[in-house]
Protein chains: 4
Amino acid sequence: MAAAPPTSPALRSRFDRRREAVVTTAARVFAARGFHATSIQDLAAATGLAAGGLYHYIGSKDQLLVAICDELMEPLLAQAQAIAASDASADRQLRQLVRVWMDHVERHRDHMLVFQQERRVLESGRQWQHVRRRRKQFEQLLADVLERVEAERLGRFADRDLALHALLGMVNHTPQWYQPRGRLSAEQIADGYVELLLAPERRDA
Amino acid sequence: MAAAPPTSPALRSRFDRRREAVVTTAARVFAARGFHATSIQDLAAATGLAAGGLYHYIGSKDQLLVAICDELMEPLLAQAQAIAASDASADRQLRQLVRVWMDHVERHRDHMLVFQQERRVLESGRQWQHVRRRRKQFEQLLADVLERVEAERLGRFADRDLALHALLGMVNHTPQWYQPRGRLSAEQIADGYVELLLAPERRDA
Amino acid sequence: MAAAPPTSPALRSRFDRRREAVVTTAARVFAARGFHATSIQDLAAATGLAAGGLYHYIGSKDQLLVAICDELMEPLLAQAQAIAASDASADRQLRQLVRVWMDHVERHRDHMLVFQQERRVLESGRQWQHVRRRRKQFEQLLADVLERVEAERLGRFADRDLALHALLGMVNHTPQWYQPRGRLSAEQIADGYVELLLAPERRDA
Amino acid sequence: MAAAPPTSPALRSRFDRRREAVVTTAARVFAARGFHATSIQDLAAATGLAAGGLYHYIGSKDQLLVAICDELMEPLLAQAQAIAASDASADRQLRQLVRVWMDHVERHRDHMLVFQQERRVLESGRQWQHVRRRRKQFEQLLADVLERVEAERLGRFADRDLALHALLGMVNHTPQWYQPRGRLSAEQIADGYVELLLAPERRDA
DNA sequence: TATGAATGAGCCTTCATTCAT
DNA sequence: CATGAATGAAGGCTCATTCAT
């Protein structure tokens, strides 16, 4: 278990800052070397702390992975829910959703890589249950939006299910080739993806 | 190194058959539990051999992963090259390519899952060089076909690069949700993916 | 690689002390059972550490053998070089050299036994290169002194080369029979050996 | 246990010839790589037999080492005993003994290297008891001759014990530097060694 | 005789984690 | 808070040996 965080606000803030730094560093190392291939000693070296010191900020290696996934999913899910709750049109919501999503790919590339690469690890085991639930929520939200897109304008996707899976595949694969200063911005990529999904319908329009 | 295979044809054939069975079983276990999370003992239990006995058929755990990837990529690449060398039109080639690819997803789902999930593992290290090269070849071949699709009919993709990455993302993600007896056949999925890529162009047709 | 030694002087000193104890214990066990026949578990039992704990002090079993050889050869070589650089007569240097050498046999008998018994092990492999070089240096130094002995007084050895090999054989074999409280002291043995080498010449004197 | 050798004389002879070849090859490999570092598979490769086939000729790896030592010690001891039983003068016996000994170094260099290098291995364990006894006998015989050398001519060795150990050290070390076509023949070396031992006395003669 | 498959114990080493300081 | 020492349970792999064929 992580050492109980301090109660005094000043100390608490310092604790949080350092913990945050540890998690970010860990995300970088996990993204580069993989979760299993990274030892606590590796993390110690990367953070500048000794092995024992790490355990003040993380409860365990597993919880560290949870923290990385949470840092990614919590704000993403929050924004996604806000968008889904807005009164924009369904296809506008879809565009915004993918933009926000790609924005996370851009700004939390390491987190995203870890979340994606360690998918198998997260698949079973109680310690990841929370993370799995969040992912499920996000995918469900996505599915709902796609459904509403179709509901608002009939016959939109050749196959809605396939479109959903395709979208998940495309976006989740992005961090593996995306270059921050590349030819395409995250936004352009987001719009490009949506275009692919929506286009088949449009041709008949 | 794997134990030198026997010289007599009969024994050789039995050796090959068993080795093949070991690789297939390993693919199943790796797909389910992940490469790192699977121990040699796990494989021993799954194959019915003792730990040491496995090493008659595999040279090492690493080489076993190579074997799995090779079993997947060699025939896939061979078929892909045949298609690319055919005199079918570029977009017909593309369709065939994705169908063949999806056929591998269907028939070698475990291999595909492993190849995809352990992407990070394969990324560095001399022992995987061969595998990386095969993947690169396949992706290059795909890129070439996409290029020819555009060459034959101007303005085909909103962004050809993006289309390539999208396709890779979609197909590679497929084994994670595809169900053999599901609503969509592998072929339908393949065609669906190609449709997504080609449609934007077509709408202007 | 051995765990990075601590930086604080106090800890560093404790680390060094314990490491030294581990090496000495290992020398004793290796001398008694042989390098290959001694398992890390054996060493753990002998040192009172758990198997894993040993690795704080040694980088590997191989490096432990290097450490033992170094502890023996570094001071021996240093003293030998000092003697060779002195302005004593060549045959005085020879006597001193063999005395110093035998002194090492006496005070580091275990190290000497290991160094001698594992000669074959040390013969090839990059990890022992350093040790081989030290041994070579020592033997060369010995050869040089023998040469100067002859240069100062013509016709000293029936065959200088043979004398060198004989000396190496005699001294290196000593730890296998030498008893600390035996009839002959290390010094007497040293002088006895030199006497054997020099006598043939002397008889003609 | 080695498979029972065949009873028919013809088969028996073939068996013996092959067994002899296996032992000789094993001696070569053990000399080069060391007993512990040589696996049965290595021996299989070196002999051209399969692992299982080896066990028709050797009972176990340990017994193979015994065989090598026996092939060396039996004839050496036999010859040594013949010499010791002859009515030659003691110092003539000594010379002959060392010549015979060096002859074995020359003609069975691999056996000698193994016998010497694996000294530690042979030191304990019932399976080597026989070998240890043979070595002991040889050394005792040597000691006896040295004693008689002194008995026949007073004051021969500065220290008889030391002379014995020195002789053992010198000769046993020889296979590690001796070159068959080198400047010195085995005989010259033998005589050189004896000269070293006898000379101190002789100078007073 | 000879083979190669198979065993299972044991090897060296790594690693997440704990704890006295 | 932080350290580095220490643990002990795996981990991947090798190896002498056996045995059905």
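Lettering of chains follows the sequences in order, A, B, ..., and the numbering in each one begins at 1. FYI, side chains are in, hydrogens and waters are out, and symmetry mates aren't considered; it's all heavy atoms of this structure.
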By nearest nucleotide on DNA chain F, pick out whichever of B:A51 and A:L49 is the more 5' one. A:L49
Any A:F30 side-chain heavy atom under 4.5 Å of A:L113 side chain: no
Earlier contact from the 5' end, DNA chain F, for B:G52 and C:G48: C:G48
Quick one, C:R33 with D:E123, criterion salt bridge (charged side-chain N to carboxylate O under 4.0 Å, His left out). Give me CA distance, side-chain angles, the key distance, then yes/no. CA-CA 9 Å; C:R33 264 183 271 190; D:E123 214 62 61; over 6 Å; no
Of the nucleotides F:dA5, E:dT17, E:dT3, which one has an atom closest to the side chain of A:I40? E:dT17
N/O (side chain, B:R14) to phosphate O (OP1/OP2, E:dG4) under 4.0 Å: no
Whole Å only: how far is the CG atom of B:L54 from the P atom of E:dG4? 20 Å
At their closest point, which heavy atom of B:R120 faces which heavy atom of A:G34, and how far apart are they? CD-N, 3.4 Å
If we call it a pair only when both distances are under 3.5 Å in a Watson-Crick or G-U wobble match, what pairs with F:dT14? E:dA9
Closest nucleotide among F:dG11, E:dA2, F:dC1 to the A:Y57 side chain: F:dC1
Assuming nearest nucleotide by heavy-atom distance, tell me which of A:K61 and C:S39 is located more 5' along DNA chain E. C:S39
Hey, is the side chain of B:H56 poking within less than 4.0 Å of OP1 or OP2 on E:dA6, counting only N and O atoms? no
In terms of side-chain heavy atoms of C:R18, which of F:dG12, F:dA6, F:dT17 is nearest? F:dA6
Sugar-phosphate only, base, or nothing, as touched by A:T47 at under 4.0 Å among non-hydrogen atoms: nothing
Rounded to whole Å, the CZ-P distance (D:R17 to E:dT1) equals 11 Å
In the structure I gave you, are the side-chain heavy atoms of A:T47 and A:Y57 within less than 4.5 Å of one another anywhere? no
Taking only the side-chain heavy atoms of D:F15 (C-beta and beyond), determine which of E:dT17, E:dT1, F:dT17 contains the nearest atom. E:dT1
Watson-Crick or G-U wobble partner for E:dA20, using a 3.5 Å limit on both distances? F:dT3
Nearest to the D:Q41 side chain among E:dT18, E:dT7, F:dT17, which nucleotide is it? F:dT17
Using whole Å, what does the distance between atom P of nucleotide E:dG4 and atom CZ of B:R19 come to? 17 Å
Measure the distance from CG on A:D42 to C1' on E:dT14 and round it to the nearest whole Å. 11 Å
Cation over ring face, A:K61 and A:F35, 6.0 Å, 45°: yes
